[in-house]
Amino acid sequence: MRIAMIGSGYVGLVSGACFAQFGHDIVCVDKDADKVARLRKGEIPIYEPGLDKLVADNARAGRLSFDTGLADAVGNADAVFIAVGTPTRRGDGHADLSYVYAAAAEIAEAIRGYTVVVTKSTVPVGTGREVARIIREARPTNNFDVASNPEFLREGAAIEDFMKPDRVVIGVESQRARDVMAAVYRPLNLIQTPMVFTNIETAEVTKYAGNAFLATKITFINEIADLCEKVGADVHDVARGIGLDGRIGRKFLHPGPGFGGSCFPKDTLALAYTAREVNAPQTIVEQVIEVNNARKKRMARKVIDFCGGSVAGITIAVLGLTFKPNTDDMRDAPSLDIVPALQAAGATIVAFDPEGMKEAARMLPGVAFAGTAYEAASGADLLVVITEWHEFRGLDPRRIKELMRQPRIVDLRNIFNPDEMRDLGFAYEGIGRPRPRT
Ligand code: UDX
């Protein structure tokens with residue numbers, strides 16, 4: 001199959017490289033000439049494990065190329081995927097669709113033979129139909145169908161999620177478009193990936209419902225963690241105890257400082273907005289948004305309370321700034337609430353993050369950055385874990401204790417064992433775990 005991928009950001013680049021790995025011919029298009037020039041040289045603008053090799057291998061094999069204009073790519077394609085950004089529109093939480101509609105207008109001018117135009121960007125219900133209208137009105141002779149094929153990629157595990165998905169959801173409304181989409185994903189038949197073929201609106205709702213449900217699950221366990229702290233229960237045992245019930249499932253029950261990232265905050269807001277517009281308010285999702293925002297703000301208070309009510313004048317080592325491990329993405333990261341609040345309360349922050357410090361330096365003024373976790377801990381009065389990078393789990397607590405001015409840890413991701421840390425002489429607090437009885 002020949003595929004044009006419009007937009008070479010996170011979703012476009014991962015999808016393009018993975019489709020090429022399936023054996024299809026892919027042209028990834030991006031308006032940013034500098035980005036395209038870098039991609040042609042094999043430089044990957046984002047951090048995603050394994051992506052550089054996948055891009056290099058497939059470019060070398062001649063299946064993956066990059067272009068700044070879409071005319072040739074679209075003209076030759078069996079399927080065109082729209083994977084441009086849909087940021088949250090300022091002020092009202094609605095997804096900004098201007099890039100999607102601009103792409104549709106350009107695609108309309110470039111279509112030659114029968115083409116399936118697929119939205120892969122996360123778009124509110126009704127967008128697929130609007131894309132179809134734009135393409136038809138621009139050139140009524142175009143021979144095309146639209147389809148919706150939402151992505152479910154997790155940053156840091158995106159290639160695995162693409163190559164071995166739990167399912168593929170495809171909204172189509174003609175047999176011909178269905179056949180094209182089935183051919184695009186045929187390589188997944190080998191691993192018996194379930195294909196959910198449905199109408200376009202259903203595919204669009206499925207994406208939002210999936211992310212909103214996961215965000216709800218996280219928020220639910222976070223509130224249960226608060227309860228556990230008050231009554232002396234352990235949230236991890238609770239999560240295991242409920243998660244073993246197959247109807248609930250064990251995943252996404254890890255408590256923390258609140259969810260962030262490029263998807264959950266944006267998609268929950270967009271879903272709530274769309275639902276209100278059609279008078280079907282999603283009150284649970286609205287609560288999730290509110291509870292999560294409040295939680296991120298409250299985490300600094302938790303740290304300050306742990307220090308006896310004040311962090312004025314102390315140095316705090318912060319480990320992890322990105323919204324989760326294995327990414328350099330800082331979007332809506334809890335650290336963006338926690339760090340400034342601790343600074344405002346008078347603390348000096350020395351931070352370390354394996355990939356996120358370049359981005360963080362822009363977003364967190366006044367923070368000093370260390371070259372390693374140990375360097376951050378040196379001379380600190382308190383250590384706060386905000387992101388659970390794998391390498392932090394292997395840190396030697398004895399060495400950390402020797403380096404710190406005061407051995408105190410607030411572990412917002414529960415990466416350390418509380419009993420072990422207390423036995424070593426740390427004052428330690430995690431999330432939703434019983435405090436030692438005094
Ligand atoms: C998510 C979805 O998982 C993916 O399917 C979708 O298409 C895009 O959004 P992503 O944002 O990359 O992916 O990260 P994910 O691993 O889902 O984590 C999102 C946030 O939830 C992070 O801030 C993470 O720390 C938090 N989280 C996740 C928890 O706090 N606890 C958990 O148990 C799981």
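Start at 1 and go down the list; that is how both ligands and their atoms are numbered. Here, residue 1 is the first one in the sequence, and each next residue gets the next number.
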In the protein, which heavy atom is nearest to [atom], and how far is it?
{"atom": "atom 30 (O) of ligand 1", "value": "I218 CG2, 3.5 Å"}
{"atom": "atom 18 (O) of ligand 1", "value": "K324 CD, 4.0 Å"}
{"atom": "atom 8 (C) of ligand 1", "value": "C263 SG, 2.9 Å"}
{"atom": "atom 3 (O) of ligand 1", "value": "R154 CG, 3.2 Å"}
{"atom": "atom 12 (O) of ligand 1", "value": "E155 N, 2.6 Å"}

What I want to know is whether [X] and ligand 1 share at least one N or O pair that is separated by under 3.5 angstrom.
{"X": "H254", "value": "yes"}
{"X": "G260", "value": "yes"}
{"X": "F323", "value": "yes"}

May I ask you to decide if the ring planes of F162 and F22 are parallel, tilted or perpendicular, using 30° and 60° as cut-offs? tilted

Which of parallel (below 30°), tilted (30 to 60°) and perpendicular (above 60°) describes Y273 and H94? perpendicular

Heavy atom of [X], distance to ligand 1 below 4.0 Å:
{"X": "K207", "answer": "yes"}
{"X": "R413", "answer": "yes"}
{"X": "G261", "answer": "no"}

Strictly under 6.0 Å, is that where the ring centroids of F19 and F81 end up? yes

Which residue in the set D267, L271, T206 passes side-chain contact (heavy atoms from CB on, under 4.5 Å) when paired with N211? D267

To the nearest 0.5 Å, what is the distance between NZ (K31) and CG (D67)? 11.5 Å

[X] side chain near [Y] side chain, heavy-atom distance below 4.5 Å:
{"X": "L190", "Y": "L188", "value": "no"}
{"X": "P45", "Y": "L39", "value": "yes"}
{"X": "T115", "Y": "D78", "value": "no"}

Heavy-atom distances under 4.0 Å decide this one: backbone, side chain, both or neither, for L253 against ligand 1? backbone

At under 4.0 Å between heavy atoms, which part of L153 makes contact with ligand 1: side chain, backbone, both or neither? backbone

Salt bridge (Lys or Arg N to Asp or Glu O under 4.0 Å) partner of D337, chosen from K297, K302, R301: K297

Is any NZ, NE, NH1 or NH2 atom of the basic residue among R129 and E173 found under 4.0 Å from an Asp or Glu carboxylate oxygen of the other? yes

Report, in ascending order of atom number, the atoms of ligand 1 lying under 4.0 Å from any heavy atom of E151. 7 (O)

Selected option - heavy-atom contact closest to atom 2 (C) of ligand 1, from F152, F252, F264: F264

